[in-house]
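I have placed the structure first, in the form of structure tokens, so that the comments after it can refer back to it.
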Amino acid sequence: MVASKYAKRELMQSEFTQRANGLPAHGLGLSVDVYSPELLQLVQALRDAELEPGYLEVFKATTSALQWVRRQLPDSTLTYHGEGLWSTQPDFPHSNSGRQGVAEACAQLAALNSAWLNHECATKQMAGYAFGTYVPPLYTELSARMTAENLVYLQTQVDEQARGRGITPALVLLEMPPLTYFGCGTFGIPDFFRSVTSRAACGLVLDIGHLWTVYRYTGSWQRQRLEDFAAEFLDAFPMERVIEIHVAGLAESANFHAPGIEEGSGALPYWIDAHGAPIPGVLFDLLDQVLAHPRLTSLKGVALEVDTKPIAMIVEEFRRFRARFEGTVNELEQNSCAPAHQSPATDESSGTTQILTSDERAILQRQYGTYVEFVTTQDAVSRAADLSLLGGSLENLNRYRDLYLPYELLHWGGELQDMFPKACRALNEEHVPLERFVPFWFSRSRPEQDDYDFFLLKIDRFAEFVAQACPSAAAIVAAEAEELRAAYRAANEPVGSTEVGV
Ligand SMILES: [Fe+2]
């Protein structure tokens, strides 16, 4: 048994090695959005400053928009940052995300001619409940095995669809997600990723800001210095699988009034992943440490993630980034050669060929249901005996549930007051506080019938909420909802060949 586990691990590593060694070096790049800031304006500003990036990693948009980007930038190296592929979830291969979502991702990979498909190891949809921003996976051994199985499925789909198009298949990359105030589980994050890579031939993306949030929200900052934490973390993490590194801004949420850090308390700020915010100096120091790690042997690109950031700030940050890291990154990429053998796994159970049983899948389904309750309900913590925080404090989980989550539902991806002015006025007249929409949202699960679209879901759910909480406004909210849907549909329609569909 031990021998077969070892053989499986070796097989995964050699498949990865073959794929990784076939990837070209990408150099220093930028991870961008088509619209925010406007991509061609950004490219022009970088050209004017003589700072052309080695590559642009483009976030998911409509396929026609990505084809347009490809036509506008025929000589640029473009890679793909996927979205909506919920590979951390037990039903992924059979879900909408795992079928239409994967087909769409494959079309977009082809549109860009991307060497890889990067996706966050996180979800916005769990057990029939939707979230506006990413929720990390359950950090458990079972969850790691299931994620690996889903990644094998995803890579197979990418391979098959690429073959159908006669193009080289992209390599699936899994990005370690940020912690937004909390993480849940019993398995260390490096162990989780090692368990995944021992079962799937995927590459990884290490995001330096995300690493900082792990230091912050697992409570490690109270026990050790950042350098010591990072040294331990990187030694345990499958660094030999890291194909790309991301660096992005961090900031406290400016969107809700939360108690901050007391002056002189020595505590770290409540920073979370914030692509529009400046990159703090501490992240470039951490990047230095990561680039010096001896097992970083497969690196193909390092990108600043700059969607939603002002162009002038991007240009300035990219200038500093290039001046400091270009030599090191080029040297690393030139010498990069993925090793044929993986460093020894840290857990005994790694590398089994075993597929999850239906019982194990059912356990995970249940656990994800409990996870939703755990992070959204006031008294769930005491009831969820089988769930625990990944270090960190209960106070920070409360921060997520009581401040971040309501902000996300009420204001993020569309301000309810602006979307539904008449219905909100009617609620106000009936003294129904908008905040009641939050428990309503999590009061029942919805099967995943359609592709995840937070904006459309928000429209549907708010219309249901108003009709229930204030029946006299049912017709008003229905009319406003229909208007919003029509406007959204029109805005998302692919347009002529020279314009980008928005
Ligand atoms: Fe990232």
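Worth knowing before you read on, the calculation uses all heavy atoms, side chains too, and leaves out hydrogens, waters and symmetry mates. If you're wondering where the values come from, they're calculated on a predicted model, not measured in any experiment. Ligands are counted one by one from 1 in listed order, and the atoms in each one are counted from 1 as well.
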request  = Using side-chain hydrogen bond (donor to acceptor under 3.5 Å, both in side chains) as the criterion, list what pairs up with Thr63, not counting sequence neighbours.
outcome  = Gln108
inquiry  = Under 2.8 Å from the Fe ion (ligand 1), which protein N, O or S atoms do you find? Ignore water molecules.
reply    =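 The answer is Glu175 OE2, Asp207 OD2, His246 ND1, Glu305 OE1.
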Is it the case that the ring center of [Y] lies less than 6.0 angstrom away from the ring center of [X]?
X      : Y      : answer
Phe187 : Tyr139 : no
Phe182 : Phe374 : no
Tyr80  : Phe59  : no

task = Give every residue pair that meets the salt bridge (charged side-chain N to carboxylate O under 4.0 Å, His left out) criterion with at least one member in residues 269-279, sequence neighbours excluded.
result =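 Of all non-adjacent pairs touching residues 269-279, none passes salt bridge (charged side-chain N to carboxylate O under 4.0 Å, His left out).
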Set of residues satisfying ring-ring contact (aromatic ring centres under 6.0 Å, His included) with respect to Trp212, sequence neighbours excluded =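 Once residues adjacent in sequence are excluded, the partners of Trp212 under the ring-ring contact (aromatic ring centres under 6.0 Å, His included) criterion are Trp271.
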